[in-house]
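Throughout, a chain's letter reflects where its sequence line sits, starting with A, and its residues are numbered from 1. Only heavy atoms go into these numbers, but all of them, side chains included; no hydrogens, no water, no symmetry mates.
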Protein chains: 2
Amino acid sequence: MTAHPDLTRNQSLVLHTLNAANGSLSAYDILDKLRAEGLRAPLQVYRALDKLVEFGLIHRLESLNAFISCADPQDHEAHAHGVTAFAICDSCGQVTEFHDHAIEHRLQQWQASRSFKPEKTTIEIRGACSNCS
Amino acid sequence: MTAHPDLTRNQSLVLHTLNAANGSLSAYDILDKLRAEGLRAPLQVYRALDKLVEFGLIHRLESLNAFISCADPQDHEAHAHGVTAFAICDSCGQVTEFHDHAIEHRLQQWQASRSFKPEKTTIEIRGACSNCS
DNA sequence: TTTATTGCGTTATGCTATAACGTATGGCAT
DNA sequence: ATGCCATACGTTATAGCATAACGCAATAAA
């Protein structure tokens with residue numbers, strides 16, 4: 001919630017739009033919401049999104065081609081190099097972010113056994129949340 | 001779970017193209033390779049891909065928007081409801097499919113604790129394989 | 001002052017995926 | 001056989017996601 005001191009105007013607009021959203025938003029969803037603020041082109045949004053992902057303030061959901069604000073950006077340092085998992089309800093759109101050290105450890109074991117150097121790990125569960133089943 | 005029916009011509013063409021490929025292919029990659037066989041439209045490929053995924057003969061890689069043939073389609077029954085994980089080398093494109101029961105169990109625990117009903121789980125590690133690092 | 005970096009805005013383009021229409025075929029109950 | 005249904009097919013058009021390439025502006029560093 002505390003504004004990142006280094007954010008540009010476009011980055012702030014995009015971050016606040018994602019913070020205000022209930023679930024995830026596509027880049028074009030964001031663009032549509034920000035036309036009133038003067039944004040006109042997809043690149044203005046994509047460039048901001050790239051930076052916000054880099055800062056650890058938002059996540060990209062690969063299976064949705066969409067973006068969501070980080071559940072706990074203050075904790076960024078703590079799990080900056082950790083694995084973030086998501087449970088995504090296909091009915092209501094609710095996205096729950098979680099971290100599981102056991103899973104992370106198991107993945108590290110596999111990577112070590114294959115000398116695979118991980119850059120980014122995606123874990124996404126699509127399904128129905130408790131409210132929707 | 002019953003055995004999948006015989007493949008149609010389009011389905012066979014798409015499956016054989018993926019089997020012959022070294023790594024993953026996008027739908028449009030496949031279309032380009034099959035123009036010589038008479039395929040002309042994306043939908044012809046996408047419809048075949050949908051069925052092949054349904055039959056468990058291929059996988060969709062969410063972080064690449066691409067498809068790859070299943071490493072062990074004979075084993076379909078054994079892990080039809082299991083979780084498949086992928087390690088994807090961003091340098092050479094090699095994709096390694098693996099299964100880890102401990103990770104699967106841990107995800108099941110999380111899902112049970114939240115009453116979340118999973119439909120499809122994506123685990124993809126992007127990085128550099130041993131040959132490329 | 002000069003140079004390098006970063007962000008911005010714009011136009012154009014490319015890649016990924018599906019909607020909607022009509023046609024054809026094969027199974028099967030009547 | 002007739003009618004019905006389910007599935008696959010081919011085509012055109014469109015929707016949705018993402019980046020290339022250009023030039024300009026502001027700022028920081030040498």
Side-chain angles (χ1 to χ4, degrees), chain A residues 3-18 21 23-55 57-68 88 90 93 95 120 122 124 126, chain B residues 2-18 21 23-55 57-68 88 90 93 120 122 124 126:
Chain A
H4 192 295
D6 292 334
L7 295 186
T8 66
R9 167 175 159 83
N10 285 0
Q11 289 160 13
S12 290
L13 287 170
V14 169
L15 179 58
H16 291 144
T17 301
L18 279 173
S24 62
L25 296 175
S26 76
Y28 280 75
D29 290 339
I30 295 168
L31 176 57
D32 287 341
K33 288 179 185 291
L34 289 178
R35 287 195 195 278
E37 311 297 332
L39 271 69
R40 307 186 43 88
L43 258 193
Q44 296 175 282
V45 173
Y46 278 108
R47 292 202 272 230
L49 288 169
D50 285 347
K51 283 299 181 185
L52 293 171
V53 167
E54 184 185 324
F55 297 156
L57 297 174
I58 67 172
H59 299 285
R60 175 182 168 82
L61 299 176
E62 298 292 346
S63 70
L64 291 179
N65 293 328
F67 300 83
I68 191 165
I88 302 165
D90 288 327
V95 178
K120 192 201 172 190
T122 297
E124 296 176 16
R126 302 279 295 268
Chain B
T2 62
H4 62 77
D6 288 337
L7 299 184
T8 66
R9 167 175 161 82
N10 285 359
Q11 289 161 14
S12 290
L13 287 170
V14 168
L15 180 58
H16 291 143
T17 302
L18 280 172
S24 62
L25 296 175
S26 75
Y28 282 77
D29 290 339
I30 296 168
L31 176 58
D32 286 342
K33 288 178 185 292
L34 289 177
R35 286 196 194 278
E37 312 296 332
L39 271 70
R40 307 184 45 92
L43 257 195
Q44 297 175 282
V45 173
Y46 278 108
R47 290 201 273 230
L49 287 169
D50 285 347
K51 284 299 180 186
L52 293 171
V53 167
E54 183 185 325
F55 298 156
L57 298 174
I58 68 172
H59 300 285
R60 175 181 166 81
L61 299 175
E62 298 291 346
S63 71
L64 290 179
N65 293 326
F67 301 84
I68 191 164
I88 302 165
D90 286 328
K120 192 202 172 189
T122 297
E124 296 176 16
R126 301 279 295 270

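- Considering only the side chain of A:Arg47, C:dG9 comes nearest among C:dT16, C:dG9, C:dG7.
- Considering only residues two or more places apart in sequence or on other chains, B:Arg126 meets the side chain to side chain contact (heavy atoms under 4.5 Å, CB included) condition with B:Ser63, B:Leu64, B:Ile88, B:Asp90.
- Within the model, atoms CG of B:Leu25 and NZ of B:Lys33 stand 6.0 Å from one another, a figure rounded to the nearest 0.5 Å.
- OP1 or OP2 of C:dA17 has at least one side-chain nitrogen or oxygen of B:Tyr46 nearer than 4.0 Å.
- Atom CD of A:Glu62 and atom C1' of D:dA18 are 13 Å apart (whole Å).
- Rounded to an integer number of Å, the gap from CZ of A:Arg60 to C1' of D:dA18 is 9 Å.
- As rounded to whole Å, 10 Å separates atom P of D:dC17 from atom CG of A:Leu64.
- By the 4.5 Å heavy-atom criterion applied to side chains, B:Val14 and B:Ile58 are not counted as neighbours.
- Residues A:Leu52 and A:Leu7 form a side-chain contact, since some pair of their non-hydrogen atoms from C-beta on lies under 4.5 Å apart.
- Here D:dA8 is the nucleotide among D:dA8, C:dG7, D:dT12 with the atom lying nearest to any side-chain atom of B:Thr8.
- D:dT11 atom P lies 12 Å from atom CG of B:Leu31, rounded to whole Å.
- Put simply, B:Asn10 has no side-chain N or O that comes within less than 4.0 Å of OP1 or OP2 on D:dA8.
- For the helix from C:dT1-D:dA30 to C:dT30-D:dA1, the angle separating the two terminal helix axes comes to 30°, with each axis derived from five pairs and the value rounded to 10°.
- Side chain of B:Glu124 to backbone of B:Glu62: a donor-acceptor contact under 3.5 angstrom is found.
- Of all heavy-atom pairs between B:Ala41 and B:Gln44, the closest is N-OE1, 2.8 Å.
- Dashed line: the shortest gap from a side-chain N or O of A:Arg9 to OP1 or OP2 of D:dA26 is not under 4.0 Å.
- The listed nucleotides are C:dT16, D:dA8, C:dT11; the one nearest the side chain of B:Ser26 is C:dT16.
- Atom CD of A:Glu37 and atom P of C:dC8 are 15 Å apart (whole Å).
- For B:Gln44, a side-chain nitrogen or oxygen approaches OP1 or OP2 of D:dG10 to under 4.0 Å.
- Here D:dA8 presents its P atom at 15 Å from CG of B:Leu39, a figure rounded to the nearest Å.
- Remark: A:Asn65 is not in phosphate contact with C:dT16, judged by side-chain N or O atoms under 4.0 Å from OP1 or OP2.
- Judged by atom type and distance alone, A:Tyr28 does not reach the base of D:dA15 through any side-chain donor-acceptor pair under 3.5 Å.
- Atom pair A:Leu7:CG and C:dG7:C1' shows a separation of 13 Å (rounding to whole Å applied).
- B:Phe67 contributes atom CZ, which lies 8.5 Å from atom CG of B:Leu18 (distance to the nearest 0.5 angstrom).
- Residue B:Ala41 is in base contact, counting any heavy-atom pair closer than 4.0 Å across all strands shown.
- A:Leu31 and A:Pro42 make their closest contact through CD2-N, 3.8 Å (heavy atoms, listed as atom of the first residue, atom of the second, distance).
- For the pair A:Lys51 NZ and C:dG7 C1', the interatomic distance rounds to 9 Å; values are reported in whole Å.
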